[in-house]
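Notes for the one structure printed next.
Every number for a ligand or one of its atoms is a count from 1 in the order of the listing.
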Amino acid sequence: MVPIRPSEITPEHVYLNRRKFMAGAGALAGAVALAACGSSLPTAGGGAAGAASVPAAAISLEDLPPALAHPEPFASQQADELGDPLNAYDEITHYNNYYEFTTDKQGVARLAEKFRSRPWTVKVGGLVHNPKTYDVDDLLHKFPQEERIYRLRCVEAWSMVIPWVGFPLAELLREVEPKSEARFVRFRSVFRPDEMPGQQARWLEWPYTEGLRLDEAMHPLTILATGMYGKLLVNANGAPIRLVVPWKYGFKSIKAIVEIDLVEKMPVSTSMAAAPNEYGFYANVNPNVDHPRWSQATERRVGELGRRETLMFNGYAEEVAHLYDGMDLRANF
Ligand SMILES: Nc1nc2c(c(=O)[nH]1)N[C@H]1C(S)=C(S)[C@@H](COP(=O)(O)O)O[C@H]1N2
Ligand SMILES: [Mo]
C-alpha cells in the first residue's frame with residue numbers, strides 16, 4: 001500500500017486553518033483530520049457502480065440525452081489520448097475534494113449522498129447583453145452533451161483520467177453575449193450550510209468561488225460537465241453541473257455551480273483568498289513551478305503504484321500554451 005502524504009489528504013492551508021478554527025472553537029479535536037491517513041485507496045479496475053451512486057432518481061433515463069442515459073457506467077474508450085487507462089467509476093466517485101462536505105476525500109461520497117442537486121438553476125449575468133437563469137435540465141437539452149476524456153491533476157499531486165460528459169462553456173457564454181468590457185468569468189458554488197457540513201464553519205470563504213480569463217473560458221477544452229461515465233454526475237463530483245478545465249489544477253474546476261458572472265476585474269478565488277502565496281489565479285499545471293511546500297514535477301495517478309512525470313499544462317500544451325505567450329508562468333502561477 002502506498003502511504004498517502006498529508007499534503008495529498010488536505011492542502012496545508014486548509015489543515016492549518018481548520019486547526020486554528022478548532023482551537024478557537026475549543027471543540028471536537030478528535031474529529032479532526034487526517035483520519036484517512038492509514039486507509040487504503042479504492043482499488044483500480046472494474047468500472048461498475050454501486051446502486052448507492054445513482055443520482056437524481058427522479059429523472060428517468062428516457063428524459064435524458066443519450067450521452068447521459070446509460071444505465072451502467074459507460075465510456076466510449078478505455079484510455080485517454082496518451083494511452084493511459086481511465087480511472088474506475090468507483091475511484092472517481094469515492095476519492096474527492098469537496099470541502100463543503102469534508103476534507104476527507106473518502107468521506108465525501110457518503111456525506112454528499114443526501115444533497116439535493118435538483119431542481120437547480122444557474123444564473124448567468126454580470127457584463128452580458130442577455131442575462132438569463134437556466135434550469136439545469138434545460139441546459140442538458142439545449143446544448144449537445146458529449147463525452148470528454150480528460151486528465152484531472154490536483155494541486156496536491158494526485159491525478160485521475162475521467163470520462164466527463166458535458167458541453168463547452170463557450171456555447172453558454174455565446175448565448176448570453178458578453179459585453180466588450182467583460183474580461184473574466186467568475187463562478188460561484190451553492191451555499192447551503194444545512195446540507196453541507198463543511199460550510200458550517202468559516203475556515204474557507206463560502207461560497208466556493210473560482211474564475212477564468214475570458215479567453216480561457218471560451219477555449220474549446222473548457223467544459224461544463226453534467227455527467228461522468230455516461231451518467232448524470234453524482235453529488236460527490238459536483239452535481240448537477242461543474243466546471244472542468246483540464247490544463248489547470250483541479251481546484252479551478254468548481255463544483256455545484258449556481259452563478260456565472262462576466263466581470264471586468266480578476267476574481268479572487270477561494271484558494272487565493274486562503275493562501276495567496278500558494279495558490280494563484282492561473283493555476284496552470286506546470287512541473288517546473290513547485291508549490292512552496294512540495295514538488296509539482298511528479299504525481300501519483302490514483303490506482304497506480306509509484307509516481308509519474310507531470311506534463312506541462314497537464315498534457316494539453318499544444319492546445320493551450322498560446323494563451324500564455326509572453327507571460328512569466330512563474331510569476332503568474
Ligand atoms: N465547490 C467546490 N468545487 C471544487 C472543490 C471544492 O472543495 N468545492 N474542490 C476542487 C478540487 S481541489 C479538486 S482536485 C476537484 C476534485 O474533483 P473530483 O472530486 O470530481 O475529482 O474539484 C474542485 N472543485
Ligand atoms: Mo485539488
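Between E100 and R192 there is no salt bridge, since no side-chain N of the basic residue sits under 4.0 Å from a carboxylate O of the acidic one.
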Discussion item. Would E81 and R151 count as a salt bridge (Lys or Arg N to Asp or Glu O under 4.0 Å) here? Give the steps.
Written reply: CA-CA 10 Å; E81 82 283 9; R151 292 169 290 287; 2.9 Å; yes
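Contact atoms of ligand 1 toward N237: 18 (P), 20 (O) (distance under 4.0 Å to a heavy atom of the residue). Remark: ligand 1 atoms within the under-4.0 Å shell around heavy atoms of C154 are 14 (S). Atoms of ligand 1 lying under 4.0 Å from any heavy atom of I254, numbered from 1 in the order shown and given with element: 3 (N), 24 (N). Residue Y98 has at least one heavy-atom neighbour below 4.0 Å for each of these atoms of ligand 1: 6 (C), 7 (O), 8 (N). Atom numbering of ligand 1 starts at 1 in the shown order; those under 4.0 Å from a heavy atom of S189 are 1 (N).
Under the 3.5 Å distance criterion, with hydrogens and angles disregarded, a donor-acceptor pair is assigned to the side chains of N97 and K105.
Of all the heavy atoms of I92, none lies under 4.0 Å from any atom of ligand 1, so neither backbone nor side chain is involved. When non-hydrogen atoms are compared, ligand 1 lies under 4.0 Å from the backbone of S253 (N, CA, C, O) but not from its side chain.
Looking at atom 3 (N) of ligand 1, its nearest protein heavy atom turns out to be K255 N, 3.0 Å. Looking only at protein heavy atoms, the nearest one to atom 21 (O) of ligand 1 is L152 CD2, 3.6 Å. Nearest non-hydrogen protein atom to atom 9 (N) of ligand 1 is N97 O, 3.2 Å. Ranking protein heavy atoms by distance to atom 6 (C) of ligand 1, first place goes to Y208 CE1, 3.4 Å. For atom 17 (O) of ligand 1, the nearest non-hydrogen atom of the protein is R242 NH2, 3.1 Å. From the protein, the heavy atom lying nearest to atom 8 (N) of ligand 1 is E100 OE1, 2.8 Å.
Once rounded to the nearest 0.5 Å, the distance linking CG of L224 with CZ of F167 reads 4.5 Å. With rounding to the nearest 0.5 angstrom, the CZ atom of R186 is 12.5 Å from the CD atom of E264. Separating the OG1 atom in T93 from the CG atom in N87 is a distance of 11.0 Å, to the nearest 0.5 Å. Atoms CG and CD, on L204 and Q199 in that order, are 10.0 Å from each other to the nearest 0.5 Å.
Taking any N or O of Y99, backbone or side chain, at least one lies under 3.5 Å from an N or O belonging to ligand 1. Polar contact check, W164 against ligand 1: no nitrogen or oxygen pair lies under 3.5 Å apart.
You'll find the ring centres of Y249 and Y279 outside the 6.0 Å limit.
Cation-pi geometry between R213 and F281 is not met: the NZ or CZ atom fails to fall both under 6.0 Å from the ring centre and inside 45° of the normal.
If you check each of G250, A256, A236, S271 against atom 23 (C) of ligand 1, the one with the closest non-hydrogen atom is G250.
Annotation for E181: atom CD counts as buried by contact number, over 12 foreign heavy atoms lying within 6.0 Å.
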